[in-house]
Structures are given as C-alpha cells and as structure tokens.
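Before I ask anything, here is the structure I am working with.
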Number of protein chains: 2
Amino acid sequence: MPKQTFFNLTEDKKSRILDAAIAELGSKPFEKVSVAEIIEKADIPRGSFYQYFEDLKDLYRYVLQVTGEEKMCYMQHVMGQMADWDVFKIIRELYLAGLKFAAENPRLAAVGNYYFREDLSLKLEIFPDMEDRGREFFEAILAKGRERGEIDPDVDIPMASFILYNLTYDITDYFFGKTGVSDGLLSHQEDYLKLADKMLYIIEVGLRNRKKEPSRD
Amino acid sequence: MPKQTFFNLTEDKKSRILDAAIAELGSKPFEKVSVAEIIEKADIPRGSFYQYFEDLKDLYRYVLQVTGEEKMCYMQHVMGQMADWDVFKIIRELYLAGLKFAAENPRLAAVGNYYFREDLSLKLEIFPDMEDRGREFFEAILAKGRERGEIDPDVDIPMASFILYNLTYDITDYFFGKTGVSDGLLSHQEDYLKLADKMLYIIEVGLRNRKKEPSRD
DNA sequence: TTATTGTATGACACCAGTGTCACATTGTCA
DNA sequence: TGACAATGTGACACTGGTGTCATACAATAA
C-alpha cells in the first residue's frame, strides 16, 4: 500500500503519478519498468517517490488494485442481472463486456494483460494470497451451468474454466497485437466482437449438453 | 550464432554450457537470466563466455534453435504419416506428441514455454524474421480439414488456429504449473493425456462439420 | 627453438538502476 | 515570531549486472 503521504497529495499530482505508472506498466513487462522512467514522466523527484511508495512493487500492486476495481465496477451491470441467464449467455456477456472495457480503457487493460503474463513468482510477490480469482469465477459459473443441465456432464469443469480464462487474455492479445497499447482498437470494435463471438460459438458447441438441448443445425 | 570458438570446444564443455543455459532459460523469464549465473553453473570464466557468444541473446537464440530442432525431430514420426488422417486425429496426435515431448524433456520444453510468453519486442529481437510458425502450421492443417469437409465451413480458420496454438502452451503451463520445471510430470502422464483429450474433445465438437458428420450422441 | 595462431582468464571500466539521507521548504499553531 | 511537523529534493553510496582487454597459456608449424 502507498504511504499516507501519497493519499495526502493533490488530485493533480496523484493522477500524474498514476498516469505515468499506468503508461509504463502497460507498455512493457514489469522487469523492464524503472522508477526513473515513472518519476520523469510524472515530473516528481526521486526522493518523493520513496516518500509515497515503499518501492516499485508497492506502486504496481496499487495500480493493479485500482485498475481491477475500475474493471469490476464496469462489469457490475452485467454481473448484476445474469443470475437467471443461460450459462452461455453469461459467458458471452462477460467476454463482450471485458472486451468493451479493454476497448474503452486500453491503457488500463494493457496493465492487466501484462500482469497476467508475468512470471508466477512475481505474481505471488505482488499478491501473495489471492490468485486466479478469474478462473475460480468461471468455475463457479460453469458448475452452476452443469447443475442446470446446460453443460455436457462429461465436461471437466476446471479444465473448461481454465480454457475460458486463458482465452480471455489470449483474445485481448490477439487484438492488441501486443504492439503497444492499441492502434485504434476502438475502430475495429465491430470486428473483434464478431470474432469473439465466433470463438465463443466454438467453445459453446463444445460444452453444450447435446443430450438435452437440440443441436443448432 | 555462436562463434566458431564455441563449436571447436570439447563435447563435454559444450554440453556443460548448454545444460547450464537450458537450466537458467527454462526457470525464469529472459530478463532475469544473467551471464553470471550461467558461467558459474557451467564453470567457465566470464571472458570465455564472450569468446564463444556475442552476448546472452546469441546464446538464447542458439538454445532455442537447438531445442526447437530436437522437438521437430521428436515429432517427425507423427508428422510423417498424418497426411491421410482426419484433421481431428492429426491435431490430437500433435498435441499428444507435444505433451509427451514435454514430459520426456521437461527442461527443453520449459525453455520453449518461457520463450512463448516473452514480450513481442524481445521475440522479434531474437528471431526478427520467423514468427508464429506454429500458428501457420495449425492454419494449414485446419484449411485442409475444411477443404475435406471435416470442419464446419462457418469456422474462422485463423481464429481457430490461434486458439489451438495458444492452448498448446496454456495446457503445458497447466501441468507444469510453471512452478519450475516439473515435479514429477512423468508420473502424471496418464492424467494429462486424459485431460488433453477432454480439452480437445471440446474443441473438436466445436469445430466439426455437423452437417456432414453424424453427431456423437 | 621460435613464431604464430587460437584459446583462457579475471580484473576492470562502465552503466543503469535502487533506496537513503542530510538538508531545504512550506504550513500551521501558540 | 518561533518552533514543530510534514513534505520536497537531489546527490550519493551501493549493487548487480555487462562487455573488454591485457596478459597467460597451449599447440603447432617453420
């Protein structure tokens, strides 16, 4: 956690620092990000940085937390009303909301994507406790879907949620091209929503309980 | 490419160096690997290292090439006879062969897996030309499958090969746990072959041409 | 033996980064 | 005004890495 000193700062200064950090942490793996770059971009002296944060990891953790909350907040409206939907509709809406979030907040999404690809040892250093909440989330959804008979009972739930969880990030990479934040990600919104749909369709057909539901053809 | 000096070395020394490099490059992302560690493990002086290689990247490139060839060689027998197989059998055999290779050569596989997760900018620095041969490979296979009517014509081939390609690495991570090379990967051979099968089954059902093939239920 | 060529070696200059510390500045309250 | 607390600041010591270079050694050909 940042020190109290940081929270006492003016909004302007705080957001300058956050902006700089997000820009750096969303443009390269953590190992390559340096305090030097961030303070230069934020235009604060080195000493101050250490007045605000324990070290870079402290800031990283904070940025991740903030961007994570932002995303959760964004997805709230989807999560709110999904209780009675078909599993596949839930998954689809989650994907689309996630992609839309990435499109509208490419810089934040980039931070998350880089984090996801980090070394496990680093991840654990940043968040020693919680890990793979995303996968657990999908697991819960799929489990419920199975209870309702919407999912083929032969499907291995942990495996399927693993696939879905990983593909979330894979597909974002696919669009981001990982060439640095986004060269007009928004402009291709149509394209990638369509593509995500195609992808999910493949998975859906693979997971659906064909003994109960009629097949789509 | 390593310098001639390296190739003139005794087999023993060469393999000591290669072993050390593989151990390091398969245990952490490239940014964290240092010449210091490798020369210590290989027990050669610093000066010698630079007598053999331009720098760490030079060695990395070489290791990647060697391990890649090793894998290709291993998969040769699968690739040789797959011409007349059903696409899904081809994919399945490729996956199984890949996983078996990883099980039998966990250290080599680990190097490849870390490489796959590297930053695009680093990848391009290592291999400026060839990139994503793996994806192209899947693409060719799927394209052929479609020609033969085995694959749903609505399936987006680049997207599907993207999924298959990425899952190759995802699934290896899933078993390796990325906790460092392998805690008895071989002992779970049964488990993971079974699990890979389940995964492929999901994908297969999703891709198969249901207008032509009877559904499996 | 003596050049010559190829190899081995580790001290070293250099660099990029970190975290700290003594000192400067500002604000507030008695 | 003075004094105390909070904050700002950048020079600096330190660390862990890189790539080089002068020098030592070995093998071989003249």
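Every chain is numbered from 1 and lettered A, B, ... according to where its sequence line falls, protein lines coming before strand lines.
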Q. Taking NZ from B:K32 and P from C:dG17, how many angstroms apart are they, rounded to a whole number?
A. 17 Å

Q. Do any side-chain nitrogens or oxygens of B:N8 fall under 4.0 Å of OP1 or OP2 in C:dT7?
A. yes

Q. Please give, in whole Å, the distance from C:dT18 C1' to A:E37 CD?
A. 14 Å

Q. Where the side chain of A:V35 is defined as all heavy atoms beyond and including C-beta, which of C:dT7, C:dT18, D:dG19 is the nearest nucleotide?
A. C:dT18

(Q) Is there a side-chain contact between A:R46 and the phosphate of C:dG19, meaning an N or O under 4.0 Å from OP1 or OP2? (A) no

Q: Using only side-chain N and O atoms of A:Y50, determine if any of them is under 4.0 Å from OP1 or OP2 of C:dG19.
A: yes

Q) What does A:T5 touch in the nucleic acid at a heavy-atom separation under 4.0 angstrom: a base, only the sugar-phosphate, or nothing? A) sugar-phosphate

Q) What is the distance from CG of B:L9 to P of C:dG6, rounded to the nearest Å? A) 15 Å

(Q) Please tell me if A:Y52 has a side-chain N or O lying less than 4.0 Å from either OP1 or OP2 of D:dG8. (A) yes

**Q.** Length of the line joining A:K3:NZ and D:dG8:C1', which is rounded to integer Å
**A.** 13 Å

Q: Just call it for A:F6: base, sugar-phosphate, or nothing, with non-hydrogen atoms closer than 4.0 Å on any strand.
A: nothing

Q | Interatomic distance where NZ belongs to B:K57 and P belongs to D:dG17 [whole Å] | A | 16 Å

Q.
With a 6.0 Å cut-off on the ring centroids, do B:F53 and B:Y62 count as close?
A. no

Q. When we call it a touch if two heavy atoms are under 4.0 Å apart, what does B:S34 touch: a base, just sugar-phosphate, or nothing?
A. sugar-phosphate

Q.
Check this for me: B:K32, atom NZ, are more than 12 non-hydrogen atoms of other residues, nucleotides or ligands nearer than 6.0 Å?
A. yes

Q.
Any base atoms under 4.0 Å from A:K13, or only sugar-phosphate, or nothing? Heavy atoms, all strands.
A. sugar-phosphate

Q.
Between P on C:dC21 and CZ on A:F49, what's the gap in Å once rounded to a whole number?
A. 18 Å

**Q.** Pair A:Y60 + A:F127: ring centers closer than 6.0 Å
**A.** no

**Q.** A:F53 CZ - C:dT18 P separation (whole Å)
**A.** 14 Å

**Q.** Atom-to-atom span, CD of A:E40 to C1' of D:dG10 - whole angstrom
**A.** 15 Å

Q. Once the angle between the rings of A:F138 and A:Y95 is folded into 0 to 90°, is it parallel (under 30°), tilted (30 to 60°) or perpendicular (over 60°)?
A. tilted

Q: Compute the centroid of each ring, for B:F116 and then for B:Y165, and state whether the two points are separated by less than 6.0 Å.
A: yes

